[in-house]
Amino acid sequence: MKRRTLLAGVGSVGVLAGAGGILSGAIPIDSFTEPRSANTPSGNGDGTDGDDGPIELETIEATGSEAGTLEVPNDGVTVAMFFAPSCGNCQALMPQLRAARDELKEEYGDDLTVVSLTAERDHDELREWWDEHDGNWYLGFQSGRSLAGSYQVVGYPVVIIIDENGEKHRHMTGNPDARKLKYAIEPELEAYRERAAETEDEEDGADSDENESESESTAADTANESERESGETETSSDSSA
């Protein structure tokens with residue numbers, strides 16, 4: 001079951017102070033780097049920040065987005081962009097991410113989820129900014145358990161790549177172009193598909209073993225029944241004699 005499915009009817013929840021502190025007041029850095037922190041979120045190290053289950057992000061209705069919630073991690077690869085509408089590098093990054101996302105979607109479809117996250121909560125202004133800068137994927141806020149806090153994201157713009165197990169594989173700051181974004185995201189999509197195929201093969205193998213065991217059991221039961229019927233026939237013949 002795809003856990004990226006949006007859950008409709010989520011109400012607005014006030015500005016999260018922690019997320020606001022993380023996403024505001026930092027200096028954007030123009031570079032393309034590996035993360036300095038651990039690849040797993042702070043907390044349990046298993047894709048959560050101390051609570052059970054994935055982190056739920058509040059999303060709003062906008063081009064390519066619906067009002068509801070989005071879970072991270074989900075059944076696929078998630079690319080999360082952290083931004084502020086007033087940030088020039090964030091504005092420049094949007095068409096680059098759009099180009100990379102559109103190209104990868106043609107090949108990988110629903111295996112890829114892209115979401116942009118901000119502390120700004122004025123829906124009308126966000127939608128206007130979103131359309132002006134070519135947004136066409138999930139648009140959301142930091143709410144509840146903070147994705148930025150869990151993955152130690154500071155400043156903006158920042159793009160991180162998270163697999164289905166909640167592990168962070170890349171941490172890109174500044175304004176990477178579409179080519180760099182694609183080359184960073186695509187290997188994680190390929191790795192995800194390989195893992196998914198291995199899991200499917202293991203499940204098929206387990207089903208095959210179960211079916212074989214059932215067949216052997218059925219054959220044994222049939223043989224035992226035949227032996228009993230043969231014994232009953234011999235007994236009947238002896239009695240007649």
Side-chain angles (χ1 to χ4, degrees), residues 2-6 8 23 28 30-34 54 57-118 120 123 125-142 147-148 151 153 156-164 167-197:
K2 293 289 184 182
R3 291 183 296 177
R4 63 170 56 82
T5 302
L6 286 168
L23 292 176
D30 285 314
S31 62
F32 186 77
T33 61
E34 292 293 341
L57 305 172
E58 181 191 356
T59 58
I60 73 168
E61 184 177 354
T63 302
S65 181
E66 298 177 28
T69 60
L70 176 70
E71 294 184 345
V72 178
N74 53 57
D75 298 329
V77 174
T78 300
V79 176
M81 170 196 173
F82 299 84
F83 76 100
S86 60
C87 164
N89 276 340
C90 301
Q91 297 170 16
L93 177 58
M94 287 289 290
Q96 302 300 324
L97 183 56
R98 170 70 180 265
R101 179 257 183 201
D102 288 353
E103 186 171 350
L104 290 169
K105 272 289 187 180
E106 290 184 5
E107 175 69 22
Y108 297 97
D110 288 342
D111 289 345
L112 172 65
T113 298
V114 180
V115 58
S116 291
L117 299 166
T118 181
E120 173 60 52
H123 289 201
E125 290 186 5
L126 271 177
R127 278 190 282 265
E128 183 178 348
W129 185 93
W130 192 244
D131 290 336
E132 182 181 351
H133 297 288
D134 297 324
N136 190 29
W137 51 89
Y138 293 130
L139 173 60
F141 307 109
Q142 298 284 7
L147 196 71
Y151 288 95
V153 173
Y156 45 75
V158 173
V159 175
I160 63 175
I161 304 172
I162 305 166
D163 68 18
E164 77 279 12
E167 182 176 355
K168 180 174 72 174
H169 290 271
R170 296 300 297 264
H171 184 118
M172 294 164 275
T173 61
N175 183 20
D177 60 25
R179 179 182 61 86
K180 288 183 177 179
L181 287 165
K182 180 187 174 185
Y183 288 167
I185 300 166
E186 191 165 30
E188 306 310 328
L189 287 164
E190 287 293 329
Y192 165 71
R193 285 196 165 178
E194 290 178 5
R195 290 191 296 271

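Since the model is a prediction, treat every value here as computed from it, not as a measurement. What's counted below: heavy atoms across the whole structure, side chains too, no hydrogens, waters or symmetry copies.
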Inset, instruction - Apply the test salt bridge (charged side-chain N to carboxylate O under 4.0 Å, His left out) to residues Glu188 and Arg170: give CA-CA distance (whole Å), side-chain angles for both, the deciding distance (0.1 Å), then the verdict. - result: CA-CA 9 Å; Glu188 306 310 328; Arg170 296 300 297 264; over 6 Å; no
Legend entry - Side-chain touch Leu97/Trp137, heavy atoms, less than 4.5 angstrom: yes
Legend entry - Side-chain heavy-atom pair Leu93, Phe83 within 4.5 angstrom cut-off: no
Is the side chain of [X] donor-acceptor paired with the backbone N or O of [Y] at a distance under 3.5 Å, no angle test?
X: Gln91; Y: Pro85; answer: yes
X: Lys168; Y: Tyr151; answer: yes
X: Arg127; Y: Glu61; answer: yes
X: Thr59; Y: Glu66; answer: yes
X: Thr63; Y: Gly135; answer: no

Residues in salt bridge (charged side-chain N to carboxylate O under 4.0 Å, His left out) with [X], at least two apart?
X: Lys105; answer: none
X: Arg101; answer: none
X: Asp134; answer: none
X: Glu190; answer: none

Legend entry - For Asp177, all residues meeting side-chain hydrogen bond (donor to acceptor under 3.5 Å, both in side chains), sequence neighbours excluded: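 With sequence neighbours excluded, Asp177 shows a side-chain hydrogen bond (donor to acceptor under 3.5 Å, both in side chains) to no residue whatsoever.
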Legend entry - Those residues that, when tested against Asn136, pass side-chain hydrogen bond (donor to acceptor under 3.5 Å, both in side chains) (two or more places apart): none
